[in-house]
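Heads up, the thing below is written out as structure tokens.
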2 protein chains.
Amino acid sequence: MSTFVCSPDPAADFAQIRRFNRLVSQRIGALDQSYLKRGRPLGEARLIFEIGSDGADLRELRDRLGLDSGYLSRLLRSLERADLVTVGSAEDDARQRRAMLTETGLAERAVYDRLSDDLAGSLLAPLSPRDRQRLIAAMAEVERILVTGAIELRPVAPDSADARWCLEHYFADLAERFEEGFDPGKHHGRGVDTSMRGIPASETLFLVAYCDGNPVGCGALVVEDATIGEIKRVWVAPNARGRGLARRLLHRLEDLARERGLGLLRLDTNRALAEAQALYRSEGYAEIPRYNDNPYADHWFGKRLGDTV
Amino acid sequence: MSTFVCSPDPAADFAQIRRFNRLVSQRIGALDQSYLKRGRPLGEARLIFEIGSDGADLRELRDRLGLDSGYLSRLLRSLERADLVTVGSAEDDARQRRAMLTETGLAERAVYDRLSDDLAGSLLAPLSPRDRQRLIAAMAEVERILVTGAIELRPVAPDSADARWCLEHYFADLAERFEEGFDPGKHHGRGVDTSMRGIPASETLFLVAYCDGNPVGCGALVVEDATIGEIKRVWVAPNARGRGLARRLLHRLEDLARERGLGLLRLDTNRALAEAQALYRSEGYAEIPRYNDNPYADHWFGKRLGDTV
DNA sequence: GACATTCGCTGACTTTAGTCAGAGATATTG
DNA sequence: CAATATCTCTGACTAAAGTCAGCGAATGTC
């Protein structure tokens with residue numbers, strides 16, 4: 001692998017991206033549109049697609065498609081008239097409404113699915129098997145990296161809904177992976193527990209990684225005193241793994257620690273979490289003696305900050 | 001490199017393509033649109049972009065953007081009113097008209113160019129240098145393969161405008177590459193000359209490779225008698241090289257020869273054309289003694305058909 | 001030179017997309 | 001229970017996109 005990582009010519013990169021954008025929106029965008037129309041306004045077609053087989057709340061549809069409330073209402077009326085959709089009230093809140101596809105609507109959606117496959121097929125058809133394989137691989141790569149770029153880290157309150165959501169999944173993951181199982185109530189370090197046992201929130205910085213508004217990972221920095229911080233709860237959702245997100249979270253937490261003037265970061269980890277240990281070692285964390293009584297911890301790591309600033 | 005070339009699961013490939021389409025049209029298409037609007041209807045913006053710095057015939061614009069004649073006219077009127085475009089008659093045919101950007105229009109287009117770069121930059125900005133490099137490479141790969149897939153081979157009359165266009169460029173290429181230069185008048189084999197010197201067209205099958213309607217390569221099969229054919233004029237435009245197009249042309253010509261029941265294919269080539277020789281050898285052509293008096297030929301190749309059928 | 005054809009233009013039209021204000025039903029809060 | 005907020009729907013609107021028939025000028029054809 002070559003050692004220089006920056007492209008020698010940013011203008012060439014831009015040109016490549018522009019060519020790509022142009023080609024893809026021409027070839028795929030245009031085809032997509034005409035394929036998906038089926039003699040129906042595009043807005044309605046997208047709606048059928050987006051409602052999906054399980055139905056969807058109007059709120060959700062508006063958010064996802066970026067539609068005006070009135071406009072969406074009108075589109076749904078039109079689809080109702082065509083007997084493709086029914087709109088009913090939600091059970092818990094009669095103000096909210098939920099759109100469902102009818103039998104006919106489901107059939108229509110199935111057609112869209114097939115057309116979408118046809119489109120994919122039409123891209124692959126003229127290619128040699130070798131090129132097909134390469135195309136798929138390159139598309140997967142583009143997708144992976146674009147999605148990676150769209151993930152952003154935001155500080156949130158440790159007791160916010162998104163933080164809670166992440167922690168629940170984190171704990172469920174741990175319960176599966178630890179040989180001894182995991183019970184979040186058994187040990188509470190300082191801060192960042194779902195219960196938050198009285199530690200002031202200002203002492204805990206909680207980051208959530210969002211992709212298109214959905215949380216896909218988290219990480220916390222617990223400020224223990226003026227010089228020492230603890231890294232906790234670094235977790236990445238299964239569908240977001242393989243993108244270096246854990247490392248990104250770790251870096252950001254370290255940056256935050258440096259901003260606060262902390263000189264030492266510590267963390268503990270379980271023997272089952274091999275990748276985590278590898279990550280910490282590769283980031284300059286060295287194994288240190290036990291510094292807490294976490295029953296689930298098998299290894300303790302520490303890293304001095306400041307020297308790398 | 002793995003030996004199996006077909007993906008084990010076509011449905012997974014389709015799913016990958018659909019995910020890609022979705023992501024790209026969402027992320028790039030949407031951004032593109034909002035970037036390119038600049039408070040102007042999208043149609044007008046695209047038009048400014050498409051007219052380009054050299055101007056464009058209305059015919060061409062309609063084809064490229066898929067616009068109705070009346071609609072295009074109206075869009076241009078609107079741009080003329082804004083002093084961005086002038087529409088004048090073509091020199092040779094006063095019915096045809098040509099749109100040109102004014103000073104202001106050119107400036108406007110430059111802004112679009114810059115915005116397009118900004119968009120590219122916004123995709124790269126959040127990425128690590130390593131991911132940037134990978135993204136560019138993967139985009140280039142997707143582009144290369146998609147374009148390759150869009151190239152189609154069509155039989156045309158050897159004296160058609162497109163065939164002539166290819167041959168002119170082919171001859172110009174040869175003149176540059178042959179040590180001894182090249183004068184198409186000096187030698188005329190049977191068929192396929194620009195002049196066509198009286199050889200019945202039915203004896204010559206001429207293929208042109210088209211990409212988006214533009215010729216990007218050619219190749220001919222001259223049927224010499226009931227059993228022997230000659231491959232001639234295999235050429236690929238510089239901007240379409242590196243996609244295996246020459247091989248594709250050759251394969252198609254061989255298929256045509258087989259359909260006609262020919263048993264032997266021959267061809268000659270100049271010593272300067274090393275890649276061509278490599279191609280022919282890799283396709284099973286073996287060097288044979290001189291069979292014609294072409295003054296530019298240094299090597300003669302032959303391949304028996306039938307055994308590979 | 002008459003005739004048909006091509007090319008772009010205009011007028012009249014429809015459809016699609018999108019916006020905004022307010023009405024009406026339902027839920028939440030004090 | 002009243003006030004307030006939330007959610008969806010309707011009516012009235014605008015802008016953009018697209019379609020179609022026919023006109024008139026320029027060109028090619030017989």
Side-chain angles (χ1 to χ4, degrees), chain A residues 25-26 29-30 32-51 55-82 84-100 161, chain B residues 25-26 29-30 32-51 55-82 84-100 161:
Chain A
S25 45
Q26 235 183 49
D32 226 28
Q33 281 199 2
S34 60
Y35 265 71
L36 282 184
K37 273 200 128 188
R38 303 238 316 131
R40 202 189 310 285
L42 198 65
E44 295 184 9
R46 283 192 303 174
L47 204 44
I48 291 178
F49 210 88
E50 209 64 42
I51 291 173
D57 292 332
L58 298 206
R59 187 0 123 13
E60 212 182 325
L61 291 173
R62 262 174 319 184
D63 283 357
R64 282 216 296 257
L65 295 170
L67 298 176
D68 171 85
S69 152
Y71 186 29
L72 173 62
S73 192
R74 219 175 304 281
L75 285 175
L76 286 172
R77 257 351 53 76
S78 160
L79 290 176
E80 270 186 330
R81 244 175 285 121
L84 295 163
V85 162
T86 53
V87 179
S89 292
E91 291 141 16
D92 48 335
D93 185 339
R95 288 171 307 180
Q96 288 181 49
R97 309 201 72 198
R98 193 173 174 77
M100 303 277 281
Chain B
S25 45
Q26 234 184 50
D32 228 27
Q33 281 198 5
S34 60
Y35 265 72
L36 281 183
K37 274 201 126 186
R38 304 233 320 127
R40 201 190 310 286
L42 198 65
E44 295 184 8
R46 283 191 305 173
L47 205 44
I48 292 179
F49 209 88
E50 208 63 44
I51 291 173
D57 292 331
L58 298 206
R59 183 10 121 6
E60 213 183 323
L61 290 173
R62 262 175 317 184
D63 283 357
R64 282 216 295 259
L65 295 171
L67 298 176
D68 171 83
S69 153
Y71 186 30
L72 172 62
S73 194
R74 219 176 304 279
L75 285 175
L76 286 171
R77 249 7 37 84
S78 161
L79 290 175
E80 270 186 331
R81 244 175 284 122
L84 295 164
V85 162
T86 53
V87 179
S89 292
E91 291 141 14
D92 50 334
D93 186 338
R95 287 171 307 182
Q96 289 181 46
R97 309 202 70 199
R98 193 173 175 76
M100 304 277 282

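Chain naming here is simple, since letters A, B, ... match the order of the sequence lines and numbering starts at 1 in each. Owing to the predicted nature of the structure, the values given are computational and were not obtained by experimental measurement.
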Please list residues of residues 60-82 of chain B whose heavy atoms come under 4.0 Å from any atom in DNA chain D, ordered by number; otherwise none. B/Asp68, B/Tyr71, B/Arg74
From B/Leu75, B/Val85, B/Leu84, residue fulfilling side chain to side chain contact (heavy atoms under 4.5 Å, CB included) relative to B/Leu47: B/Leu75
Let me know which of B/Arg46, B/Arg98, B/Glu50 forms a side chain to side chain contact (heavy atoms under 4.5 Å, CB included) with B/Leu61. B/Glu50
Just the rounded figure in Å: distance from [atom2] of [N] to [atom1] of [X].
| X | N | atom1 | atom2 | value |
| --- | --- | --- | --- | --- |
| B/Leu58 | C/dC9 | CG | C1' | 10 Å |
| B/Gln96 | D/dT27 | CD | P | 10 Å |
| B/Arg98 | C/dG8 | CZ | P | 12 Å |
| A/Arg97 | D/dC9 | CZ | C1' | 9 Å |
| A/Asp92 | C/dA27 | CG | C1' | 11 Å |
| B/Asp57 | C/dC7 | CG | C1' | 12 Å |
| A/Asp93 | C/dA27 | CG | P | 5 Å |
| A/Arg95 | D/dT6 | CZ | C1' | 4 Å |

Mind running salt bridge (charged side-chain N to carboxylate O under 4.0 Å, His left out) on A/Arg59 and A/Asp57 for me, showing each step along the way? CA-CA 5 Å; A/Arg59 187 0 123 13; A/Asp57 292 332; over 6 Å; no
Euclidean distance, B/Arg64 CZ relative to B/Ile51 CD1, rounded to 0.5 Å: 9.5 Å
What nucleotide, of C/dA17, D/dC7, D/dA17, holds the atom closest to the side chain of A/Arg59? D/dC7
Go through B/Leu65 and B/Leu72 one step at a time and tell me if the side-chain contact (heavy atoms from CB on, under 4.5 Å) criterion holds. CA-CA 9 Å; B/Leu65 295 171; B/Leu72 172 62; 5.8 Å; no
Kindly give the heavy-atom pair with the smallest separation between B/Leu79 and B/Arg40, and that separation in Å. CD2-CD, 4.5 Å
